[in-house]
Amino acid sequence: TTFKPDFGADGIFGGYMLGVKSVAGLTFYDWETLELIRRIEIQPKNVYWSDNGDLVCIASDESFYILRYRPDNVSKVKESGEPITEDGYEEAFDVISEVSEVVK
């Protein structure tokens with residue numbers, strides 16, 4: 001299978017999903033299907049996933065964000081037949097917390 005991100009790749013992050021950093025921000029893809037799940041306008045330094053894939057921490061230069069992945073929301077949109085946006089499934093993540101601290 002060939003994989004070519006829409007905006008190139010300035011960095012990649014492993015974990016529950018494939019994370020690709022580019023000029024457009026951070027994009028999460030499903031590992032198995034390589035389907036776009038969500039594009040977020042942030043330039044991350046690092047991405048940390050919980051062991052069960054439920055939570056993700058996105059660390060940038062000024063702050064970090066804790067998001068909850070909602071696969072049930074993604075499934076509902078897929079089942080409804082609605083087309084996904086160019087930024088993926090808007091309902092894929094809920095913001096749990098934003099902390100204005102530097103992660104080293």
| query | Any side-chain heavy atom of R68 sitting closer than 4.5 Å to one from D54? | reply | yes
Counting only pairs under 3.5 Å, give me each side-chain donor-acceptor contact of residues 11-23, with atom names and distances, residues two or more places apart or in other chains.
| from | atom 1 | to | atom 2 | distance (Å) |
| --- | --- | --- | --- | --- |
| K21 | NZ | P44 | O | 3.3 |
| S22 | OG | A24 | N | 3.2 |

| Pair W31-F3, ring pair (Phe, Tyr, Trp, His ring centres under 6.0 Å): steps then yes or no | CA-CA 11 Å; W31 277 108; F3 174 69; 9.0 Å; no
| said: Between I42 and F28, is there shared hydrophobic-cluster membership here, with clusters defined by ILVMFWY side-chain heavy atoms closer than 4.5 Å? | reply: yes
| query | Given side chains that start at C-beta, do those of I40 and R38 come closer than 4.5 Å, heavy atoms only? | reply | yes
| field | Under the side-chain hydrogen bond (donor to acceptor under 3.5 Å, both in side chains) test, residues paired with T33 that sit two or more places apart | value | D30
| query | Is the number of heavy atoms from other residues, nucleotides or ligands under 6.0 Å of D72 CG greater than 12? | reply | yes
| Atom pair CD1/CG of I58 and N46 - distance to nearest 0.5 Å | 11.0 Å
| Under a single-linkage definition using a 4.5 Å side-chain heavy-atom cutoff for Ile, Leu, Val, Met, Phe, Trp and Tyr, are L26 and I84 assigned to the same hydrophobic cluster? | yes
Please table the atom pairs, donor to acceptor, closer than 3.5 Å between any side-chain atom in residues 87-99 and protein atoms at least two apart or in another chain.
| from | atom 1 | to | atom 2 | distance (Å) |
| --- | --- | --- | --- | --- |
| D87 | OD1 | R39 | NH1 | 3.4 |
| Y89 | OH | E35 | OE2 | 2.6 |
| D94 | OD2 | R70 | NH1 | 2.7 |

| task | Quick one: do V56 and Y65 satisfy side chain to side chain contact (heavy atoms under 4.5 Å, CB included)? Show the steps, please. | result | CA-CA 8 Å; V56 62; Y65 304 85; over 6 Å; no
| query | So if you build clusters from Ile, Leu, Val, Met, Phe, Trp, Tyr with side-chain heavy-atom gaps below 4.5 Å, do F64 and L67 land together? | reply | no
| request: Determine, using the 4.5 Å side-chain heavy-atom cutoff (strictly less than), whether L55 and I37 are members of one ILVMFWY cluster. | output: no
